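To keep things clear, I will list the structure first and then write my remarks on it.
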2 protein chains.
Amino acid sequence: MENAPPALDGVEKIRRAAADLFGERGFDAVSIAHIAERAGSSKANIFHHFGSKEALYFAVLREAVDRSTDHFRDAMRAELDPSQRVERAIRGSLTVLFEDPERSRLIFREIMESGPCRAEALANEVFGDDFIALTRLFADVQAGDEAGQGMSPSFLAHVLLSSNVMLFHCHQVLRHLPGGGYADEQERYITMLRDVLLRSMRAQKETNA
Amino acid sequence: MENAPPALDGVEKIRRAAADLFGERGFDAVSIAHIAERAGSSKANIFHHFGSKEALYFAVLREAVDRSTDHFRDAMRAELDPSQRVERAIRGSLTVLFEDPERSRLIFREIMESGPCRAEALANEVFGDDFIALTRLFADVQAGDEAGQGMSPSFLAHVLLSSNVMLFHCHQVLRHLPGGGYADEQERYITMLRDVLLRSMRAQKETNA
DNA sequence: GACTCCGCTGACCAATCGATCAGTCAGCCC
DNA sequence: GGGCTGACTGATCGATTGGTCAGCGGAGTC
């Protein structure tokens, strides 16, 4: 009977408690004692398994990053018409962000804090694949549409991800801004962002001053 | 001779040191001892003037927020054609973000960390005015353009701010992504974002499935 | 000179931090 | 049984944390 939930051995419990707490409050605000308490373990045991607080943090971060890219890749496999493909990409990215908020916060904090040294590694190992996939999607959609290109696919990926990430991190603030009701209406939000992206691709060089 | 630089009294030195350090590393990673050292003062003196670490943090945060809104408001006063007005709004927001990076990080961290309780206060006191101004700008531009409305001005403000904030916080990562060269070319970035926003406003209901 | 006020300091506090220690206990191999 | 491994613990380390307190020294005031 005990096959479905794998009984969660000690190490995994520590990992999950650490992921939750680091995601919620950040590296410095969380102590090993907190993690040990939530994991139902002892401080010494954490050092036994992970060596140091920093090593635990990076272990948790790496795991979060790996799981994130898997989910995102799944969300973009379908072959539909442009409107539906873009919509699906928005929804997929949004799902990844919201289905495990602690993980998302953990990763974004790492991006913010990373100096020039670690930024390149992050770009290659962590976000590169997702960004490329999204860029390809926009390039495909533009190529299949005779109207006009003229808009960089990678920049459209930037706009999509920016908007979603901002919605995720700031939606408690956004919902209280005048006209910020979209923060609580996911479908309306997705439709609006989809329209912004599709219109950007289709309209031609009419905006040149 | 000592009139132009106001000699920076002790309290102001503390405030600046705290703003720099809190912006760089966040609340928990910075100790009063660090701040005292950078300010050339003593721990006890900081408590003498501010009472507690939290009070110092909030004082610094409030000051950062006030200065931020002032700058932003200045950047949007001009009356030009739609393309130039949108471009100016993008540039203004970008300038505010990059001209004092520590301040910007401080504020954004507060948005991320703020629970539902403090989020409403932040929305009203801090970002409300800027967001309203930006929303009005898009509403104006759309009204003056006969082509079509159909796109929520507040959502366009969201897209503009999201894209800029993301560029600011992640540009060390973005520049290393394939096609992410725009992260280092501000003028190209501004042009692309302007086009995305203008096209979104002008194109009509052609995207409805 | 004696007085107060105020910006400021060094010494100090209890609490907590990350980390280490010796040692316990259960399981496994021979 | 004996030898060994690895998960785990309570006690404890030195360092650092946010915060307190008595007091110093200079500027003003009578």
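Just so we're on the same page: letters track the sequence lines, and every chain starts at 1. Quantities reported herein were computed from a predicted structural model and do not represent experimental measurements.
- Y189(B) has its ring centre less than 6.0 Å from the ring centre of F155(A).
- The residue S42(A) sits close to a base: some heavy atom pair falls under 4.0 Å.
- In this structure, the CZ atom of F47(B) is 5 Å from the C1' atom of dG19(D), given to the nearest Å.
- The minimum heavy-atom distance between L197(A) and L156(A), with the atom names listed, is CD2-O, 3.8 Å.
- When each of K53(B) and A44(B) is assigned the nucleotide of DNA chain D with its nearest heavy atom, K53(B) is the one assigned upstream, toward the 5' end.
- For E110(A), the salt bridge (Lys or Arg N to Asp or Glu O under 4.0 Å) partners are R118(A), not counting sequence neighbours.
- Scanning DNA chain C 5' to 3' for nucleotides with an atom closer than 4.0 angstrom to a non-hydrogen atom of chain A gives a first and last hit of dC17(C) to dC21(C).
- E187(B) is listed as a side-chain neighbour of R91(B), based on a closest heavy-atom distance under 4.5 Å.
- Distance NZ (K43(A)) to C1' (dC13(D)): 10 Å, rounded to an integer number of Å.
- Using a 4.5 Å heavy-atom cutoff, the side chains of R15(A) and F50(A) are in contact.
- To the nearest angstrom, C1' of dG19(D) lies 12 Å from CD1 of I46(B).
- Rounded to whole Å, the distance from CG on L56(B) to C1' on dG19(D) is 14 Å.
- The residue among A33(A) and G51(A) whose nearest nucleotide of DNA chain C is located toward the 5' end is A33(A).
- Remark: H49(A) is in phosphate contact with dC8(D), judged by side-chain N or O atoms under 4.0 Å from OP1 or OP2.
- Rounded to whole Å, the distance from CD1 on I14(B) to P on dG18(D) is 14 Å.
- Atom CD1 in I35(B) sits about 11 Å away from atom P in dT17(D), given to the nearest Å.
- The aromatic rings of F108(A) and H169(A) sit tilted relative to each other, their planes meeting at an angle between 30° and 60°.
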